[in-house]
Amino acid sequence: MKRIHIVNGIILAFSVILVRYIDVHVYDMHIILNLLVLVGLIVGGMKVAERFPALDYDVSRKVGMVINTIVVLTIFLAFFILELG
């Protein structure tokens, strides 16, 4: 597994958390606007991440699984702690 795949997963997760937080606590966005902002953040974050050559290297399967588990747990905790559900 390459580092870029892990970074893309992290970008996806935190974009969802950020957009949901804004939608619930800051500004009640229409669903279309919500999706457009989410897609823009994800695509923009992935484009920025592609510019870093250090992310082209492989990581071990164990490290990839640990980081992915932490990202998934962070999503669940963020939804409960920030009351986004």
Side-chain angles (χ1 to χ4, degrees):
M1 176 183 287
K2 292 192 178 284
R3 291 179 185 173
I4 190 74
H5 297 125
I6 294 173
V7 170
N8 285 342
I10 293 170
I11 290 169
L12 177 84
F14 287 107
S15 295
V16 169
I17 292 170
L18 178 67
V19 169
R20 183 68 182 152
Y21 179 81
I22 292 170
D23 187 39
V24 170
H25 294 292
V26 178
Y27 178 72
D28 187 23
M29 293 187 281
H30 190 272
I31 188 72
I32 302 297
L33 179 61
N34 203 348
L35 289 173
L36 289 174
V37 170
L38 183 61
V39 168
L41 279 174
I42 292 170
V43 170
M46 288 182 179
K47 291 287 184 188
V48 170
E50 287 176 1
R51 294 178 181 241
F52 293 100
L55 297 176
D56 290 333
Y57 297 110
D58 290 333
V59 295
S60 68
R61 181 176 287 223
K62 185 177 180 180
V63 171
M65 289 291 286
V66 168
I67 293 174
N68 286 332
T69 304
I70 290 170
V71 169
V72 169
L73 289 174
T74 303
I75 292 171
F76 284 121
L77 288 175
F79 269 74
F80 287 117
I81 292 171
L82 298 175
E83 299 173 356
L84 301 178

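A quick note: this is a predicted structure, and the numbers were derived from the prediction, not measured.
For Asn8 against Ala49, the heavy-atom pair with the smallest separation is OD1-CB, 4.4 Å.
For Val43, the side chain to side chain contact (heavy atoms under 4.5 Å, CB included) partners two or more places apart in sequence, or in a different chain, are Val39, Lys47. Residues passing the ring pair (Phe, Tyr, Trp, His ring centres under 6.0 Å) test with His5: none are found, sequence neighbours excluded. The ring pair (Phe, Tyr, Trp, His ring centres under 6.0 Å) search around Tyr21 returns His25, not counting sequence neighbours.
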Donor-acceptor pairs under 3.5 Å, side chain of residues 55-77 to any protein atom, not counting sequence neighbours: which ones?
{"from": "Ser60", "atom 1": "OG", "to": "Val63", "atom 2": "N", "distance (Å)": "3.3"}
{"from": "Asn68", "atom 1": "ND2", "to": "Gly64", "atom 2": "O", "distance (Å)": "3.2"}
{"from": "Thr69", "atom 1": "OG1", "to": "Met65", "atom 2": "O", "distance (Å)": "2.7"}
{"from": "Thr74", "atom 1": "OG1", "to": "Ile70", "atom 2": "O", "distance (Å)": "2.6"}

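Linking ILVMFWY side-chain heavy atoms closer than 4.5 Å, directly or via other members, places Ile11 and Val19 in two distinct hydrophobic clusters. Linking Ile, Leu, Val, Met, Phe, Trp and Tyr residues whenever their side-chain heavy atoms come within less than 4.5 Å places Val16 and Leu33 in a single cluster. By the criterion of side-chain heavy atoms lying less than 4.5 angstrom apart, applied directly or through intervening Ile, Leu, Val, Met, Phe, Trp or Tyr residues, Met46 is not grouped with Phe52; the two fall into different hydrophobic clusters. Tracing side-chain contacts under 4.5 Å through hydrophobic residues (I, L, V, M, F, W, Y), one reaches Leu38 starting from Val24; they form part of the same cluster. Note on Ile4: it does not cluster hydrophobically with Ile42, by side-chain heavy-atom contacts below 4.5 Å among ILVMFWY residues.
Side-chain contact between Ile17 and Phe79 is present, with heavy atoms from C-beta onward closer than 4.5 Å. For the pair Ile6/Met1, a side-chain contact is recorded, criterion being any heavy-atom separation below 4.5 Å from C-beta on.
As a member of the Ile/Leu/Val/Met/Phe/Trp/Tyr network built from side-chain separations under 4.5 Å, Leu36 groups with Ile31, Ile32, Leu35.
Here the straight-line distance linking atom CZ of Arg20 with atom CG of Leu18 works out to 12.5 Å at 0.5 Å rounding.
For residues 34-43, the side-chain hydrogen bond (donor to acceptor under 3.5 Å, both in side chains) pairs, not counting sequence neighbours, are Asp23-Asn34.
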